[in-house]
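Okay, structure first, notes after.
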Amino acid sequence: SQQGEEDPQALSIQEGENATMNCSYKTSINNLQWYRQNSGRGLVHLILIRSNEREKHSGRLRVTLDTSKKSSSLLITASRAADTASYFCASTGGGNKLTFGTGTQLKVEL
Amino acid sequence: GAVVSQHPSWVICKSGTSVKIECRSLDFQATTMFWYRQFPKQSLMLMATSNEGSKATYEQGVEKDKFLINHASLTLSTLTVTSAHPEDSSFYICSASEERDYGYTFGSGTRLTVV
């Protein structure tokens, strides 16, 4: 079953703007990960944040984690048309199975 | 970095035939691989966990006789869709992790169309 719900389901912004996606999950986690999927392709791992971390940065990406609210957010700054893709949060609980959120479809327009 | 190769990238088959999809970890050994199914504009649903040298663990609702998984070596897992029907048409993706608590590496996916 899906572990997380993502919000918004779809997001359309102009190039140069920031994009924020939110993820809520249901059970306790070891870590939370964000992935990107271009249409019809496999997934690319973007960033992993551990349960004892609150914020993490990687290039134009910033991820936050609030374990008390069981939520995470992904911020993409200064977006580019090439950032157009679907973004998924995913997590592992006590085991190593990775379960995915519902995803956010991001469209960055020129 | 870790690379997972999935083959074929797309396949069209006739109803009633079987299709095999391969997933290989190219530069690391994977004792565990995962198979997912994805419908258009939807998220990934975990189908099964493939364990090297032992039986796969299937998620609830996934028919193990329909989706045969074999993980004969530390670098290869295969998913065979047996007696395929049009409702089996979907995007199938495998993944593996080089280390626990690291990000997972995904294959490029296989688009299966059953006609």
Side-chain angles (χ1 to χ4, degrees), chain A residues 1-11 21 23-26 29-53 56 58 61 63 65 74 85-107, chain B residues 1-10 21 23-26 30-52 56-62 89-113:
Chain A
S1 59
Q2 307 285 155
Q3 165 70 303
E5 299 285 331
E6 288 183 60
D7 163 55
Q9 287 188 338
L11 179 61
M21 290 158 259
C23 166
S24 61
Y25 57 91
K26 298 173 184 175
I29 59 171
N30 290 333
N31 61 63
L32 190 132
Q33 306 173 34
W34 285 89
Y35 289 82
R36 166 198 167 120
Q37 183 182 33
N38 287 83
S39 181
R41 306 291 295 274
L43 276 73
V44 175
H45 177 251
L46 295 176
I47 195 166
L48 179 152
I49 186 166
R50 302 188 192 285
S51 58
N52 61 352
E53 297 176 309
K56 201 162 184 180
S58 177
L61 305 180
V63 168
L65 179 65
L74 171 68
S86 292
Y87 292 83
F88 296 93
C89 65
S91 60
T92 58
N96 59 354
K97 290 195 300 185
L98 191 64
T99 51
F100 284 82
T102 50
T104 293
Q105 294 185 35
L106 173 66
K107 184 176 182 181
Chain B
V3 177
V4 172
S5 174
Q6 186 172 343
H7 178 81
S9 56
W10 61 271
I21 303 169
C23 181
R24 294 181 185 272
S25 56
L26 296 187
T31 55
T32 304
M33 291 185 177
F34 301 90
W35 287 96
Y36 293 83
R37 182 173 182 175
Q38 185 180 32
F39 290 104
K41 297 193 182 299
Q42 292 189 25
S43 188
L44 282 74
M45 298 300 296
L46 179 65
M47 298 174 66
T49 302
S50 174
N51 305 298
E52 187 268 336
T57 305
Y58 291 82
E59 295 299 300
Q60 192 171 13
V62 177
S89 297
S90 191
F91 192 59
Y92 294 88
I93 314 177
C94 66
S95 77
S97 179
E98 193 169 5
E99 286 190 46
R100 192 183 175 93
D101 284 347
Y102 268 49
Y104 287 67
T105 303
F106 283 77
S108 55
T110 298
R111 171 82 52 201
L112 170 64
T113 302

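So you know, we letter chains A, B, ... as the sequences are listed, proteins then strands, and number each from 1.
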Any non-hydrogen side-chain atom of A:L65 less than 4.5 Å from a side-chain atom of A:V63? no
For B:Q38, is it the side chain, the backbone, both or neither that has a heavy atom under 4.5 Å from a heavy atom of chain A? side chain
Could you check which of A:G40, A:S86, A:S39 has the highest count of heavy-atom pairs closer than 4.5 Å to chain B? A:G40
If you tally heavy-atom pairs under 4.5 Å against chain A, which of B:Q60, B:K41, B:R111 wins? B:K41
Search all heavy atoms of B:Y92 against all heavy atoms of B:L112 and return the closest pair with its distance. CE1-CD2, 3.8 Å
Quick one: what part of A:Q105 sits under 4.5 Å from any heavy atom of chain B, side chain, backbone, both or neither? side chain
Check whether any side-chain N or O of B:T113 sits under 3.5 Å from a backbone N or O of B:S89 as a donor-acceptor pair, and report yes or no. no
A:Y35 and A:Q33: side-chain hydrogen bond (donor to acceptor under 3.5 Å, both in side chains), yes or no, with the steps? CA-CA 7 Å; A:Y35 289 82; A:Q33 306 173 34; 2.5 Å; yes
Under 4.5 Å from a heavy atom of chain A, the part of B:T32 involved: side chain
Checking heavy atoms, do the side chain of A:Q37, its backbone, both or neither come under 4.5 Å from chain B? side chain
When heavy-atom pairs shorter than 4.5 Å are enumerated against chain B, which of A:Q9, A:H45, A:E6 gives the highest number? A:H45
Residues forming a side-chain hydrogen bond (donor to acceptor under 3.5 Å, both in side chains) with B:S50, sequence neighbours excluded: B:H71, B:S77
In Å and rounded to the nearest 0.5 Å, what is the CE to CD distance from B:M33 to B:E52? 10.0 Å
